[in-house]
Amino acid sequence: MKVGILGSGDVAKSLAAGFVKHGHEVALGTRDTAKLKDFVAQHKGAQAGSFADAAKFGEVVVLAVKGTVALDALSAAGAANLTGKTVIDATNPIADAPPTNGVLKFFTSLDQSLMERLQSALPSAHFVKAFNSVGNAAMVNPQFKGGKPTMFICGNNDAAKAKVRGICDQFGWETADMGKAEAARAIEPLCMLWCIPGFLSNDWFHAFKLLQKD
Ligand SMILES: NC(=O)c1ccc[n+]([C@@H]2O[C@H](COP(=O)([O-])OP(=O)(O)OC[C@H]3O[C@@H](n4cnc5c(N)ncnc54)[C@H](OP(=O)(O)O)[C@@H]3O)[C@@H](O)[C@H]2O)c1
């Protein structure tokens, strides 16, 4: 599969490394390709270009930029380059204000998630929320004593969610589909919960698991 990744930060690089490890081709998008020079040199199957280059390249596109600039990055990627494509939305709407007692501040409300804003701005792309509520170090084939962690996903397009489920299978996750885009109102704040042990106890390696009856 050809995967475009919008971003040059820890999430973009962790997911890009995961995709190439599993035999996919990756193009990362950034405003400054110099940031990715070492990464590309160390990862066969990865290349770097502009946001638009990455969006054009990917059959599937990952959005992995700072939440406050997600719309800017998508606009630089170009709506036409994302039309009909699955866009994995790993972003969180974290505000610039500092956390209070380890609890992050969001710039969204519980009645409208960031992913819903993005989906409304680009109605022809198929957004799927995923990878937002786990640290980048545990995104790809993490090993936990309690077994496979759960990736909570949501989005309006079933075929796009099926693609993301396949990626989660490959990356060692079980997937829990929470329904349509509105479910991102619940999934995005999982990031706040996930970060609390980090801010309070410097514990940054954990993940959520949904326990089922059987
Ligand atoms: N860090 C984690 O472990 C983690 C885990 C789960 C979810 N997330 C979420 O994933 C996203 C990425 O996180 P991150 O820690 O990898 O990186 P980050 O520092 O939040 O974001 C870095 C990216 O944002 C882009 N960016 C910054 N300002 C921009 C602007 N004005 N216009 C366009 N792009 C701009 C940068 O583009 P350039 O390449 O051009 O500089 C870079 O690619 C965030 O939304 C975060 O909340 C993070």
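In listed order, ligands and their atoms are each counted from 1. Being a predicted model, the structure only gives us computed values, none of them experimental.
- In this structure, W194 does not count as a contact residue of ligand 1, since none of its heavy atoms falls inside 4.0 Å of the ligand.
- Atoms of ligand 1 lying under 4.0 Å from any heavy atom of G67, numbered from 1 in the order shown and given with element: 45 (O).
- Put simply, the side chain of T175 does not reach to within 4.5 Å of the side chain of V164, judged on heavy atoms.
- Of the polar atoms of N132, none of the N or O atoms is found under 3.5 Å from an N or O of ligand 1, judged by distance alone.
- Nearest protein heavy-atom neighbour of atom 43 (O) of ligand 1: S8 N, 2.8 Å.
- By the criterion of a heavy-atom distance under 4.0 Å, neither the backbone nor the side chain of L6 is placed next to ligand 1.
- At a 4.0 Å cut-off, not a single heavy atom of K13 sits close enough to ligand 1 to count as contact.
- Looking at R31, M139, K35 and measuring to atom 27 (C) of ligand 1, the nearest heavy atom belongs to R31.
- For the pair K209 (side chain) and K148 (backbone), a donor-acceptor distance under 3.5 Å is present.
- Ligand 1 has no nitrogen or oxygen under 3.5 angstrom from a nitrogen or oxygen of S133.
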Show the numbers, then the answer: is there a salt bridge (charged side-chain N to carboxylate O under 4.0 Å, His left out) between K66 and D72? CA-CA 10 Å; K66 199 169 176 264; D72 300 327; over 6 Å; no
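- Considering backbone and side-chain N/O atoms, V11 comes within less than 3.5 Å of an N/O atom of ligand 1.
- Checked by atom type and distance alone, the side chain of N141 pairs as donor or acceptor with a backbone atom of Q170 at under 3.5 Å.
- Shown in contact with I94 at under 4.0 Å from a heavy atom are these atoms of ligand 1, numbered in order with element: 47 (O).
- When only interatomic distances are considered, the shortest N/O to N/O separation between V65 and ligand 1 falls below 3.5 Å.
- Using a 4.5 Å heavy-atom threshold, the side chains of I88 and F131 count as touching.
- The protein non-hydrogen atom at the shortest distance from atom 17 (O) of ligand 1 is G9 CA, 4.2 Å.
- For T68, the closest heavy-atom approach to ligand 1 does not fall below 4.0 Å.
- The shortest side-chain heavy-atom distance between T108 and R117 falls under the 4.5 Å cut-off.
- With a 4.0 Å heavy-atom cut-off, ligand 1 is reached by the backbone of T30 and by its side chain too.
- Only the side chain of F51 comes within 4.0 Å of ligand 1, counting heavy atoms alone; its backbone N, CA, C and O stay farther away.
- The distance criterion of under 3.5 Å between nitrogen or oxygen atoms is not met by T91 with respect to ligand 1.
- Using a 4.5 Å cut-off on side-chain heavy atoms (C-beta onward), T86 and N157 make no contact.
- You'll find the ring centres of F199 and W194 outside the 6.0 Å limit.
- Two residues are said to be in side-chain contact when any heavy atoms from C-beta on lie closer than 4.5 Å; T91 and N132 fail this criterion.
- Shortest contact from atom 5 (C) of ligand 1 to any protein heavy atom: V134 O, 3.0 Å.
- The nearest heavy-atom contact from the protein to atom 9 (C) of ligand 1 is A90 O, 3.3 Å.
- For atom 19 (O) of ligand 1, the nearest protein heavy atom lies 4.0 Å or farther away.
- Close contacts between ligand 1 and G7 involve ligand atoms 43 (O) [criterion: under 4.0 Å to a heavy atom].
- Below 3.5 Å of separation, one finds an N or O of N92 facing an N or O of ligand 1.
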